[in-house]
Structure formats: structure tokens, C-alpha cells
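Report on the following structure.
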Protein chains: 2
Amino acid sequence: MDCERTGAASSTADAENLAFDVFARACPSRGTLEHVTGKWGGLILGALHEGSFRFNELRRRVDGVSEKMLSQTLHALERDGLVHREAQPTNPPRVDYRLTPLGSAVAERLLALIYLVEDRMPEVLSAQERYDTVRAESGEAAGRATTAGRGGR
Amino acid sequence: MDCERTGAASSTADAENLAFDVFARACPSRGTLEHVTGKWGGLILGALHEGSFRFNELRRRVDGVSEKMLSQTLHALERDGLVHREAQPTNPPRVDYRLTPLGSAVAERLLALIYLVEDRMPEVLSAQERYDTVRAESGEAAGRATTAGRGGR
DNA sequence: CAGTATCCTTGCAGATACTG
DNA sequence: CAGTATCTGCAAGGATACTG
């Protein structure tokens with residue numbers, strides 16, 4: 001599939017299919033985006049945005065990440081050219097990870113999104129409360145929040 | 001203990017301007033962020049950024065989404081206050097979805113990230129090529145790319 | 001320290017059927 | 001049209017053990 005920037009810049013007119021190529025299923029940018037927005041990608045990019053870290057430092061910083069996932073995500077990010085890995089063949093080994101300029105640019109956009117969401121959390125929280133209240137009184141017999149409870153993955 | 005920072009923002013010079021609580025495991029903003037960056041959240045936000053749509057219009061626009069996932073994601077986004085749902089009790093029923101101002105702001109940041117990644121895809125692609133080449137010649141005997149092949153989420 | 005290999009659980013997400 | 005309910009597969013990702 002082509003990944004041209006078809007109607008990316010908000011083409012309100014074209015209706016039928018995808019307007020955003022990233023969203024096309026077989027697009028390479030989709031993969032990179034998932035490394036970035038994935039469960040651990042954002043965390044790691046965020047941690048690395050503050051400096052350079054060694055493997056286990058990173059592990060401690062990113063709460064809850066397993067060795068496997070850290071290693072895996074780091075490799076994906078390195079392959080995408082967002083993270084630079086510098087290994088010193090000493091004993092014991094020392095490996096430092098840091099963002100590339102591209103990784104830094106990506107991290108900044110991602111962080112902008114994150115901060116926006118955080119700043120607006122009060123709004124989100126009250127919206128959730130309203131939603132739950134309405135659901136509770138109208139859907140009494142329907143039992144608990146069905147499939148929509150929380151969409152997280 | 002809700003949204004404490006995990007340590008991600010605590011040690012470097014500019015630590016205090018970063019509030020990384022999203023990264024803490026039991027944080028509500030983490031959930032909202034996942035609705036947004038999740039597999040379908042971005043798609044739907046992107047589609048809705050162009051206007052108002054009915055359920056099945058959305059289904060056609062967002063390539064590959066099932067009724068279930070569309071419904072589920074829409075509910076999560078509505079609950080978070082990012083999407084507004086307007087149902088008309090007519091027959092047949094007509095329901096329109098559109099972004100709230102907050103949803104619009106979020107969609108814009110998300111799109112900024114997406115466009116950045118797209119713009120820089122050439123860099124990403126060449127980085128991947130380099131990575132794969134190096135891996136291929138040095139890791140010949142060490143076995144295949146193991147877990148790192150593609151991070152995929 | 002810096003990973004890799006393997007097993008196994010969890011729950012996301014797809015397909016299908018049904019309702020108002 | 002606009003959803004909900006349910007059953008199920010499959011892969012992401014956690015735990016654990018092992019290596020250089």
C-alpha cells in the first residue's frame with residue numbers, strides 16, 4: 001500500500017476511506033508510531049528525554065517494566081533511529097542509551113500530548129463522573145458498565 | 001499514592017518542570033492516554049477531527065474497525081469527555097458523534113506527533129536499514145534477530 | 001552489569017448473532 | 001440504523017532461568 005500523504009492535512013471533503021495514511025494498515029509509519037505510543041515506548045522516551053541512562057538505571061526509572069520489554073522496546077526504538085545505544089566493551093559491560101535528535105523531537109511532541117492530557121484531567125474526571133452517573137440511573141437493570149467500562153489495553 | 005512520579009523526572013536539572021505521573025502505573029491520566037493512543041482511539045479521533053459523523057459513517061471511514069471496537073472506543077472517549085454523542089430519538093435512530101473542544105485539542109497534539117513521524121519516515125527507514133545490516137553481519141552465528149525483530153506493540 | 005531464551009497467563013480484539 | 005452480548009484465538013507481555 002502506498003503511504004502517501006493523501007489527505008493528511010485535514011481534508012474535510014473526502015469521505016469514503018482513510019484520510020490519514022498512518023492509519024492505513026500496512027504503513028511503516030504506523031509501526032514506528034506504535035513503538036512510540038505503545039505501552040512502554042512513551043515511558044522510555046520520556047525517561048530518556050532527561051538524559052542518558054544505562055540499562056538498569058532505565059529499568060529502575062520506568063516503573064514496572066520487565067527486562068524483556070525494556071530490551072525489546074529499546075531495540076525497536078534504536079532500530080527506528082530514535083534511540084542511540086553506546087556500548088563499551090569493558091568488564092563489567094557498560095551500555096548507555098540516549099535519544100537521537102529525531103528521538104528528541106518525537107519525545108517532545110509526545111510529551112506535549114501527555115502534558116495536555118494531564119493538565120486537563122480535571123475536565124476528564126468530571127466528564128467521567130457525569131457519564132457514570134447518567135449510566136447508573138438509566139441503565140440500572142443493565143448491570144455493570146458492559147463492554148465500555150474502560151477501553152485500555 | 002495515585003499519581004506519584006516514578007522517578008522519571010526527579011534527578012536531572014530541569015526536573016521540576018516535568019510531571020511524569022502519567023507514567024505511574026495507577027494513574028487515571030494513563031488510562032485516558034491509552035484510549036487516545038490506542039489502536040483505534042487515534043483513528044477515531046483523527047476521523048472525527050474532520051467533522052461530525054454517524055456510527056456507520058465512522059465505521060466506513062475507519063478502515064477495519066469492528067462494530068464492537070468502534071462502540072467500545074467511542075464510549076471510552078465519550079466517558080473521557082473527548083467525544084460528544086448526540087442521539088435523536090427518531091425512527092430509525094440517528095446518532096452523531098463529534099469532538100468536544102477538549103477532544104479537538106487532544107486530536108491536534110496527537111496529529112502533530114503523527115505528522116512529525118511521517119515527515120521523518122525517510123530517516124527512520126534508513127536507520128532501520130543500517131540497523132538491520134549491522135545485525136545481519138555481526139549476528140550471523142548468534143542466531144536470528146530474537147525478540148527484537150519488530151517491537152510491534 | 002547487560003542482556004537472551006522460554007514458558008505461560010491475560011485480556012484485546014475479531015467474528016458472529018441478536019435487540020430496539 | 002445503532003448498537004449489545006458472547007464465545008474464542010492469539011499475541012503482547014509478565015515471570016523466571018540462564019549466559020557472556
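Per chain, numbering begins at 1; letters A, B, ... match sequence-line order. Computed over heavy atoms, backbone and side chain alike; hydrogens, waters and symmetry mates excluded.
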How many whole angstroms separate atom [atom1] of [X] from atom [atom2] of [N]?
X      : N       : atom1 : atom2 : result
L70(A) : dT4(C)  : CG    : C1'   : 13 Å
E34(A) : dC12(C) : CD    : P     : 16 Å
M69(A) : dC7(C)  : CE    : C1'   : 16 Å
N56(A) : dG3(C)  : CG    : P     : 9 Å
D96(B) : dC1(D)  : CG    : P     : 14 Å
E86(B) : dA2(D)  : CD    : C1'   : 15 Å
N91(B) : dG3(D)  : CG    : P     : 14 Å

Requested in this report: Begin from the C-alpha positions of V83(A) and L99(A) and carry the test side chain to side chain contact (heavy atoms under 4.5 Å, CB included) through to its verdict.
Outcome: CA-CA 4 Å; V83(A) 164; L99(A) 293 183; 4.1 Å; yes
Report task. Evaluate the side chain to side chain contact (heavy atoms under 4.5 Å, CB included) criterion for residues E57(A) and R61(A): first the C-alpha distance (whole Å), next the side-chain angles of each, then the deciding distance (0.1 Å), finally the verdict. Result -> CA-CA 6 Å; E57(A) 282 178 339; R61(A) 259 174 162 244; 5.6 Å; no
Candidates [options] - which lies nearest the side chain of [X]:
X      : options                  : value
V95(B) : dA15(D), dA2(C), dA2(D)  : dA2(D)
S71(A) : dA15(D), dG3(C), dA13(C) : dG3(C)
R54(B) : dA2(D), dG14(C), dG3(C)  : dA2(D)

As an exercise, state the distance from [atom1] of [X] to [atom2] of [Y], rounded to the nearest 0.5 Å.
X       : Y       : atom1 : atom2 : value
H49(B)  : R98(B)  : NE2   : CZ    : 14.0 Å
S29(B)  : D119(A) : OG    : CG    : 10.5 Å
S126(A) : R120(A) : OG    : CZ    : 11.0 Å
I114(B) : T37(B)  : CD1   : OG1   : 10.0 Å
L110(B) : L113(A) : CG    : CG    : 6.0 Å
D96(A)  : F53(A)  : CG    : CZ    : 10.0 Å

**Report entry** Bracket string, DNA chain D, 5' to 3' - pairs by Watson-Crick or G-U geometry under 3.5 Å, | interstrand
**Finding:** ||||||||||||||||||||
Requested in this report: Describe the nucleic acid contact of R59(A) in one word from base, sugar-phosphate, nothing, applying a heavy-atom distance below 4.0 Å.
Outcome: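 Since no nucleic acid heavy atom lies under 4.0 Å of R59(A), the category is nothing.
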Requested in this report: Compare side-chain N and O positions of H75(A) against OP1 and OP2 of dT4(C) and report whether any pair is under 4.0 Å apart.
Outcome: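 So the side chain of H75(A) is within the cut-off, an N or O lying under 4.0 Å from OP1 or OP2 of dT4(C).
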Scan nucleotides 17-20 of chain D against the protein and return all N/O pairs shorter than 3.5 Å with their distances rounded to 0.1 Å.
none

Requested in this report: Take R54(B) and R94(B), measure what side chain to side chain contact (heavy atoms under 4.5 Å, CB included) needs, and give me the verdict at the end.
Outcome: CA-CA 7 Å; R54(B) 302 174 59 176; R94(B) 178 190 175 99; 3.0 Å; yes
